[in-house]
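As structure tokens, the structure follows; a few thoughts come after it.
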Amino acid sequence: MTSAENTSENSKINYKETLLLPETTFKMKAGAATREPEIEQFWDDQQIYFKAQEQRKASGAEKFILHDGPPYLSSDKIHIGTALNKILKDIVTRYQYQRGHYAPYVPGYDGHGLPIENAVVKSIKGGRKAISDVELRQKCRDFGAKNLKGQETNFKRLGVWGDWEHPYITTDPKFEATQIKAFYEMHKKDYVYKGLKPVYWCSHCETALADAEVEYDNHTSDSIYVKFAIDNSSLKPGQEMLKDASVVIWTTTPWTIPANLALSVHPEYEYEVFEEKISGQKYLVASELKEQVIECLVKELAKIGKQLEPTLEGASGKVTASNEAPNKGMKLLNIQAAMMSMIKPLNESTFPTLAKIKGKDLEFLNAHHPFINDRVVPILTGRHVTLEAGTGVVHTAPGHGMEDYVICQQYDNGPLKNNPIGIVSPVDAKGVFTDKAQEPRLIGQHYSKGNEIVIEILKEKGALLGHRKIDHSYPHCWRCHQPVIYRATEQWFISIDKIRNEALGEIKQAKWIPERGEARIASMVEGRGDWCISRQRVWGVPIPVFYCKACDKPLINEKTTEDLYDLFCKESSDAWWAKSAAELLSDDTTCACGSKEFTKETDIMDVWFDSGITHTAVVEARKDELGEIPVELYLEGSDQHRGWFQSSLLTSVMLHQKAPFKSVLTHGFVLDGNGRKMSKSLGNVIDPNKIMNQYGADVLRLWVASVDYSVDVRIGDEIIKQLVEVYKKVRNTMRFMLGNLAGFDPDSHTEPYENLSDLDKYTLHRMQEVVSKLTEAFDHYQFHHYYQVLQNFCVTELSSLYFDVAKDVLYCDPENAPRRRAMQTVLYEVFTTMLPMLVPVAPHLAEDIWSHLQEEQKPNYGFDMPPVSITMAPWPELNQKYYKYDEREQFEAILALKYDVNRSMERFKEISYNLTSASDKKIEQLTEIVATIGAVVQNGLEPINRIDMNKTDLEMLFLCSEVNLNFEEDLDLSGYFGHYGNNSLVGEQYSIKCSVSSYSKCERCWNYRESVGTFADHPDICERCHGAVSEMPREAPVT
RNA sequence: GGGCCAUUAGCUCAGUUGGUUAGAGCGCACCCCUGAUAAGGGUGAGGUCCGGUGUUCGAGUCACCGAUGGCCCA
């Protein structure tokens, strides 16, 4: 180092101190785990939600009601799917509020039902029988209340705003009271009836079981082939080949044969009639299963008859049916092997096919029950019939099988309306045959003994074609582990037929988002059977019906319902269990038969009925707050097409003759990062609380906004990592603006639009474009478009372009320089426009930023004074003044040129780094480079020069030392780094020439400018910086 | 087993009525900056559009078959 340099070094002014660098208290690091709860506390303390909604309501704003579907209170923690749902709802209500609507959100909870009851029962010392129904219900209520608190804490931590002080819960006394009223209304309108339906039944525990209470385990069953003789009188013309034939069925529950009321075939399968030559019998089975049936017949024939003996000998030459071989097991195997080898020849000669017939042509033929005299059963067609095992003909006993029941119901409600199949369930609660079995040997016997007896009877009647034991998976009671059965019991139903068309009409009226939801629910409503609403449980709302002790006639009327309503409002539905029928009924209650003694119905209502009537028990009951149905929106997971959407729609049509919603939005399920379902066993469960504690709720919310929720969505470490990056980008973008707005007084420093530069105007235009895009994205519930647009804007337009260019001016220009104030004007505009748009997705972040904005800088956002919370601020309107920008095309051409030039300069710099000669200069900064742009005169094309921007502005925009435009001549690129490009603005082709600036570096702004060195008092800085430094009130500090 | 849905770069998403060489941001690699600094800028590499067959002059886009995954039902 020379002594001269040394001297100047010592006296060098620390120009950094003279710069106007960003200043803000807003931290780069979020510290969300502690900061977010503070913000939520602030919202709570300030009652922001209530104030905001109250204002809207008072001003008579149009309402937008999103009615909450109640999550089930089985746990005190929420899972990621619930978080997705709640966040989506919150984004919607917050946005709708911002758009000027009164958009209250009343969170709800579903508190009755089996899972809670079972969880509570499990915890009781001494088991279920140790406590009374009333005590059990109290425990269930407590359990639900505890879980409600837990879930509520989770939901609030997500940043969801709503009426947390007055949520609704289906176990609320008033709700329960309203529910029995609703039941009565439906009963009055004749939608409710009592009928038989098979349910899982444990004869050991003498109780009905829900599907969830059944475990599958191996069980050895008797499997039998049985023949049903076709009723010749039912044959249609052309079906003579079926005369005297027998339909063969296969079943693993012989004891249900007495309950057989029909046979089912598949409409599309091919069936065939074949003859067994030995006895001349004709059988009908599915073609594909014929061989299996024949195999069985052969064995049976071998067992019972001697007539096959000669054939056997003929086939094997050795093996006979007599006991010759010393090893019996070996012998049996040999016989079987011989049999197998005979099947094929037997198939062709001994069992010739007589005719083939399609399943649907068998429909409505009749067959005789094998041993119940006078019972003729019809053949039905159904797609539940399979060819996996059996004969392709299914023994159908609607009292003992779910599919059997469903198919019979379909026929009874349709083609067989006038001559219904009905249901026979000849087994009582203990599993003992009743006289409905119509067979003396069975009556009084337990069903488990029934198999043996039925087989014996079938043998006697000659209807048994085969019998063996099989091991298969069979349902067992989860409590006593005994096998369970399906048993038809009396249940309460809601008739769907009466409102089906009306419901379908309402489905059409509603808007389904995405659209395919409409077809999904419509097909379900079209095809569904009646709704069984009774459950044989304790934790729920009772079916409010009494029965006369004398004549068993049910009792429910206006009076009994009103009395119960009043009582339930006071004491909750617990009163039903706490009080006797006499106490529940008024003294003068008398049955038509004259009796005054009554019993209570013991069943409760399906929880889907509870939640299904929230349109009445919540929306209508809180009319002042929520208005009337239909509400604007229901928003739930796509599984609710079968669940809540349907139960709500059906009950609403019955009670109000209309759908409870105008629109229904559905979202998919949350899968792990690989698209797999989350499960404990796979260990891929993502806990929303963990994400919130680590990264904050806004990151989780940002995730919700980032994915296309209309299909299944994924979340995993990589995805979260990416979201954190985007969150930081948005945060830092806002922080940069906040810092550079220091010292900016919007009232006095705002520059008029006309004074703004092209880049300024362009940026404001782009900002408005974002407003327009985000508004459209939210109006169409396309939140992932919001995420993409917002991210792009922050990265591309702001960070990479505007901020990067603006930094020089913001930091180095004199504080009040017009172009600096102009840029602050732009920053202020962008900042205050963006901030409210962050609210729906990232309310904590928005609030945090707002709290770091200087009070005097806070805009009023349409209020008399700046809002306490940014979440109260309205959504920005499209500002036409800024949006309209006619020079966009031209400016974008200049930008394209900028990126071309920057690319060239970058390459130039890289090349300079690879130089080996010491005399060549290594370029450290782009600001050292001089870019000369020239047109290439080619093919006689005239170069165009329409760049309407002064040299200084171009240099600022291109971030280089100097820009020279030279369109007059074809540049000679030899010896320079050159680059050719295409740009409609500049010409068909143009060249960019890069060279090293001969000017000195300004020690203050680091630009290489001609003016550096021309000022005696500050020899190291440029003209602009000299001006800025001279303007400063005191001497710049010296290091 | 049935109904519905999804599959485009490592990730999240675009991709009009079928029409040039399939795009964006992030991430990644490399480079720069150290005056947004646990920040910022630049350059670049990434695609068998799930697979197959068909329709068409032409298919990411339309039709059919299949695979994988998901929801609902059985």
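In what follows, every heavy atom counts, from backbone to side chain, and hydrogens, waters and symmetry copies are set aside. Not measured: the values here are computed from a predicted model.
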Among B:rG41, B:rA38, B:rU12, the one nearest any side-chain atom of A:Gln788 is B:rU12
Which one, B:rG25, B:rA36, B:rG41, comes nearest to the side chain of A:Gln791? B:rG25
Look at the side-chain N and O atoms of A:Lys721 and state whether any lies under 4.0 Å from the OP1 or OP2 oxygen of B:rC26. no
Out of B:rG42, B:rG25, B:rC72, whichever nucleotide has its closest atom nearest the side chain of A:Glu906: B:rG42
For RNA chain B, what are the stems built from at least three Watson-Crick or G-U pairs in a row, each pair having both distances below 3.5 Å? B:1-7 with B:67-73, B:10-13 with B:23-26, B:28-32 with B:40-44, B:50-54 with B:62-66
Whether A:Lys729 contacts B:rG40 is assessed here as follows: a side-chain N or O lying under 4.0 Å from the phosphate OP1 or OP2. Is that the case? yes
A:Thr256 and A:His395: side chain donor to acceptor below 3.5 Å: yes
Where does B:rG42 land, syn or anti, given syn is within 90° of 0? anti
Among the candidates B:rG35, B:rA36, B:rC26, find the nucleotide nearest to the side-chain atoms of A:Leu21. B:rG35
Describe the nucleic acid contact of A:Gly675 in one word from base, sugar-phosphate, nothing, applying a heavy-atom distance below 4.0 Å. sugar-phosphate
Within the structure shown, what part of the strands sits under 4.0 Å from A:Phe736 by heavy-atom distance: base, sugar-phosphate, or nothing? base
Taking 4.0 Å as the cut-off, does a side-chain nitrogen or oxygen of A:Tyr811 come that near to OP1 or OP2 on B:rA36? yes
Regarding A:Tyr15 and A:His1018, do their side chains bring together a donor and an acceptor under 3.5 Å, going by distance alone? yes
Pick the closest RNA chain B nucleotide for A:Cys1005 and for A:Tyr899 by heavy atoms, then say which residue is nearer the 5' end. A:Cys1005
Has A:Glu815 got more than 12 heavy atoms of other residues, nucleotides or ligands less than 6.0 Å from its CD? yes
Side chains of A:Thr775 and A:Ser772: any donor to acceptor distance under 3.5 Å? no
What's A:Glu725 touching, base or sugar-phosphate or nothing? Going by heavy atoms closer than 4.0 Å. sugar-phosphate
Taking the P atom of each, how far is B:rC57 from B:rC11, in whole Å? 37 Å
What distance, rounded to whole Å, do you find between the two P atoms, one in B:rA22 and one in B:rC28? 26 Å
Can you identify which nucleotide, out of B:rC13, B:rU12, B:rC72, has its nearest atom closest to the A:His784 side chain? B:rC13
Give A:Asp708 one of three labels, base, sugar-phosphate or nothing, depending on what nucleic acid heavy atoms sit under 4.0 Å from its own. sugar-phosphate
Taking 5.5 Å and 30° as the limits, would you call A:Trp1006 and the base of B:rG35 a stacked pair? yes
Please give the distance between the C1' atoms of B:rA24 and B:rA59 as a whole number of Å. 23 Å
Assign A:Arg1004 to base, sugar-phosphate, or nothing according to its heavy-atom contacts below 4.0 angstrom with the strands shown. base
Will you find, in the side chains of A:Ser997 and A:Ser961, an N or O donor that is under 3.5 Å from an N or O acceptor? yes
Looking only at atom P, what distance separates B:rG70 and B:rG25, rounded to whole Å? 33 Å
Rounding to the closest angstrom, what is the interatomic distance between B:rG66 and B:rC26 at atom C1'? 34 Å
Is there a side-chain polar atom (N or O) of A:Ser799 under 4.0 Å from OP1 or OP2 of B:rG41? yes
Is the backbone of A:Arg735 close enough, under 3.5 Å, to the side chain of A:Asn732 for a donor and an acceptor to pair up by distance? no
Where the side chain of A:Asp639 is defined as all heavy atoms beyond and including C-beta, which of B:rG10, B:rC72, B:rA6 is the nearest nucleotide? B:rC72
By the 4.0 Å heavy-atom rule, please label A:Asn732 as base, sugar-phosphate, or nothing. base
Could you list the protein-to-nucleotides 15-17 of chain B atom pairs, N/O on both sides, closer than 3.5 Å?
none

Any side-chain N or O of A:Arg676 less than 4.0 Å from the OP1 or OP2 oxygen of B:rG69? yes
Short question: side chain of A:Trp703, backbone of A:Ile715 - any donor-acceptor pair under 3.5 Å? no
Quick one: do A:Tyr709 and A:His667 satisfy ring-ring contact (aromatic ring centres under 6.0 Å, His included)? Show the steps, please. CA-CA 5 Å; A:Tyr709 63 78; A:His667 56 81; 7.2 Å; no
For B:rA6 and B:rC62, measure between their P atoms and round to the nearest Å. 10 Å
Nearest to the side chain of A:Lys16, heavy atoms from C-beta on, is which of B:rG35, B:rU12, B:rC72? B:rG35
Per nearest nucleotide of RNA chain B, the residue lying toward the 5' end, A:Leu19 or A:Leu801, is A:Leu19
Crowded around A:Asp717 CG? As in, over 12 foreign heavy atoms under 6.0 Å? no
Should A:Arg735 be listed as having a side-chain N or O under 4.0 Å from OP1 or OP2 of B:rU37? yes
When you measure from the side chain of A:Val707, which nucleotide among B:rC13, B:rC71, B:rG27 comes out closest? B:rC13
Selected nucleotide, minimal atom distance to A:Lys29 side chain, candidates B:rC26, B:rG42, B:rA38: B:rA38
Are A:Lys807 and B:rA36 close enough that a side-chain N or O sits under 4.0 Å from OP1 or OP2? yes
So, the side chain of A:Trp512 versus the backbone of A:Arg520: is there a donor-acceptor pair under 3.5 Å, distance only? no
Closer than 4.0 Å, any side-chain N/O of A:Ser800 to the OP1 or OP2 of B:rG42? yes
With the side chain of A:Arg903 defined as its heavy atoms from C-beta on, choose the nearest nucleotide among B:rC71, B:rG10, B:rG44. B:rG44
Identify whether any heavy atom of A:Val726 sits under 4.0 Å from a base atom; if not, whether one sits that close to sugar-phosphate; answer base, sugar-phosphate or nothing. nothing
Separation of the P atoms in B:rU61 and B:rU55, to the nearest angstrom: 15 Å
Please evaluate residues A:Tyr695 and A:Tyr727 with respect to the criterion ring-ring contact (aromatic ring centres under 6.0 Å, His included), reporting the C-alpha separation (whole Å), side-chain torsions for both, the decisive distance (0.1 Å), and the verdict. CA-CA 10 Å; A:Tyr695 306 107; A:Tyr727 172 89; 9.5 Å; no
Side chains of A:Asp606 and A:Trp531: donor-acceptor distance under 3.5 Å anywhere? yes
Just one of A:Lys27, A:Lys29, A:Arg731 clears the salt bridge (Lys or Arg N to Asp or Glu O under 4.0 Å) bar with A:Asp848, so which one? A:Arg731
Write down the distance separating the C1' atoms in B:rG51 and B:rA67, rounded off to the nearest Å. 7 Å
